[in-house]
Amino acid sequence: LNNKLCQLLQIKYPILQGGMAWVATAELAAAVSNAGGLGIIGAGHMPADALRAEIAKAKKLTNKPFGVNIMLKSPFVKEVMQVVIEERVAVVTTGAGNPGEYIPALKAVGTKIIPVVASVALAKRLERVGIDAIIAEGMESGGHVGEVTTMALVPLVVDAVSVPVIAAGGIGDARGVVAALALGAQGVQLGTVFAATTECTAHPNYKAAIIKCKERSTVVTGAITGHPVRVIANKLTRDFAELEKCGASTEELERLGAGKLKAAVRDGDVDYGSVMIGQVAGMITTIRPVNEIMQDIVQHIPEVMAELSQKI
Ligand SMILES: O=C(O)COc1ccc(-c2c[nH]c(CNC(=O)Nc3ncc(Sc4ccccn4)s3)n2)cc1
């Protein structure tokens with residue numbers, strides 16, 4: 001499974017862990033890096049000092065490369081970009097926006113830049129400004145989503161750029177990894193799967209909500225306000241839909257959503273919190289150690305390939 005993405009990122013398996021705000025702490029990122037993948041700390045809306053502390057914790061827990069995901073809508077985006085540059089973080093992924101303005105400074109210190117995109121247009125725009133790889137994320141994923149599925153988006157992005165493409169959204173086991181490679185991706189990014197692990201520091205209620213999910217348990221709210229977000233349907237999404245129906249303003253809707261992800265992930269309020277989870281939750285039935293999930297995926301790939309060659 002060792003390919004050019006593994007060489008680029010100095011990892012054993014081309015399996016990245018999504019840098020989910022509040023969920024992807026240093027403990028989870030270090031566990032994924034120690035298991036041979038690329039662990040990624042989710043900076044979310046963290047201020048600079050909190051991120052610096054999280055990076056320091058990760059450096060104590062692993063001597064393997066790890067990344068930091070920067071959510072470009074964070075009010076602290078400029079300060080946290082400065083922190084990842086000072087700390088010489090190996091890889092920066094970015095979400096919910098266009099990282100173009102930060103790319104020269106990151107490249108200057110040798111940090112690999114891997115933006116998440118939900119469209120071919122953004123992939124093409126970013127390839128021109130010198131990114132190292134691209135995460136093409138389908139709308140199956142949890143949290144902030146685009147409008148295109150992984151199956152449709154990945155091959156189009158692969159055909160549009162010449163940098164390695166990493167598939168994300170709806171991938172839960174060796175079959176999904178082989179499917180992503182068949183679509184032309186060089187690797188995968190898993191979010192929900194790594195949230196359902198013993199090393200993940202999210203609240204037990206949040207993890208229990210993942211287990212309880214079926215494939216239709218999530219909805220995309222906020223499509224009207226311009227920030228479509230996939231979450232588990234609960235009392236918050238019903239209140240949100242009510243407000244949207246009554247023509248509430250974007251500010252009112254964002255006020256309803258503010259702080260709700262922390263409420264779900266840290267405080268375990270899965271009724272009124274924003275339980276950002278991907279559709280792949282329907283495949284997850286237990287909370288397992290990171291390394292067990294990683295080995296399960298890697299060891300089943302030859303079997304999936306053998307079954308495939310029987311069918312074609
Ligand atoms: O076209 C452009 O210029 C930029 O447009 C984009 C539009 C969408 C994306 C995108 C889709 N998915 C991702 C990566 N995944 C994510 O970013 N997932 C997230 N989950 C919760 C988040 S918190 C938040 C804060 C503000 C609004 C919505 N959500 S961010 N990025 C990236 C760029």
Side-chain angles (χ1 to χ4, degrees), residues 16-24 40-46 67-77 80 92-103 113-129 131 133-150 152-154 157 160 165-171 188-192 194-195 202 206 218-232 236-237 240 250-251 253-266 273-281:
L16 283 62
Q17 159 252 309
M20 305 159 279
W22 292 106
V23 174
I40 299 176
I41 292 169
H45 285 183
M46 270 186 206
V68 171
N69 180 54
I70 294 181
M71 217 273 292
L72 294 166
K73 286 188 171 48
S74 161
F76 302 105
V77 58
V80 296
V92 163
T93 63
T94 63
N98 180 335
E101 65 180 287
Y102 304 105
I103 289 172
I113 306 143
I114 312 181
V116 178
V117 302
S119 70
V120 171
L122 182 58
K124 281 171 145 169
R125 233 174 19 241
L126 290 179
E127 185 185 34
R128 282 198 292 273
V129 292
I131 38 96
I134 283 186
I135 298 170
E137 184 190 75
M139 60 170 295
E140 299 91 325
S141 71
H144 188 31
V145 290
E147 290 129 28
V148 186
T149 64
T150 303
L153 180 67
V154 170
V157 173
V165 174
I166 295 156
I171 301 167
V188 298
Q189 178 172 277
L190 312 180
T192 304
F194 283 126
Y206 178 87
T218 66
V219 290
V220 176
T221 64
I224 302 169
T225 62
H227 290 326
V229 179
R230 181 176 298 288
V231 292
I232 290 180
L236 174 70
T237 57
F240 205 96
T250 304
E251 293 69 34
L253 289 163
E254 289 201 329
R255 213 179 2 262
L256 178 66
K260 292 293 192 310
L261 178 60
K262 177 176 187 277
V265 178
R266 301 257 60 104
S274 173
V275 195
M276 294 184 182
I277 294 285
Q279 291 180 316
V280 80

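All values derive from a computational prediction rather than experimental measurement. Numbers here are sequence positions counted from 1. Counting convention: from 1, in listed order, for ligands and their atoms alike.
Scored by the side chain to side chain donor-acceptor pair (under 3.5 Å) test, Thr150 finds Glu140 as partners (sequence neighbours excluded). Listed by chain and residue number, Ile210, Ile277, Val280, Ala281, Ile284 satisfy the side-chain contact (heavy atoms from CB on, under 4.5 Å) test with Thr192 (two or more places apart in sequence, or in another chain). Among residues two or more places apart in sequence or in another chain, the side-chain contact (heavy atoms from CB on, under 4.5 Å) test is passed with Ile171 by Ala167, Val177, Ala180, Val188, Leu190.
Interatomic distance, CD1 of Ile114 versus CG of Leu126, reported as 12.5 Å (0.5 Å rounding).
Proximity of a side-chain donor or acceptor of Arg266 to a complementary backbone N or O of Trp22 within less than 3.5 Å is detected.
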Distances only, to 0.1 Å: what are the N or O pairs between ligand 1 and the protein that fall under 3.5 Å?
residue: ligand 1; atom: 1 (O); partner: Arg125; partner atom: NH2; Å: 3.4
residue: ligand 1; atom: 3 (O); partner: Arg125; partner atom: NH2; Å: 2.9
residue: ligand 1; atom: 12 (N); partner: Glu137; partner atom: OE1; Å: 2.7
residue: ligand 1; atom: 12 (N); partner: His144; partner atom: O; Å: 3.1
residue: ligand 1; atom: 15 (N); partner: Glu137; partner atom: OE1; Å: 3.4
residue: ligand 1; atom: 17 (O); partner: Ala96; partner atom: N; Å: 3.4
residue: ligand 1; atom: 18 (N); partner: His144; partner atom: N; Å: 3.4
residue: ligand 1; atom: 20 (N); partner: His144; partner atom: N; Å: 2.9
residue: ligand 1; atom: 31 (N); partner: Ala96; partner atom: N; Å: 3.0

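Considering every non-hydrogen atom in both His227 and Lys73, the closest pair reads CE1-CE, 2.8 Å.
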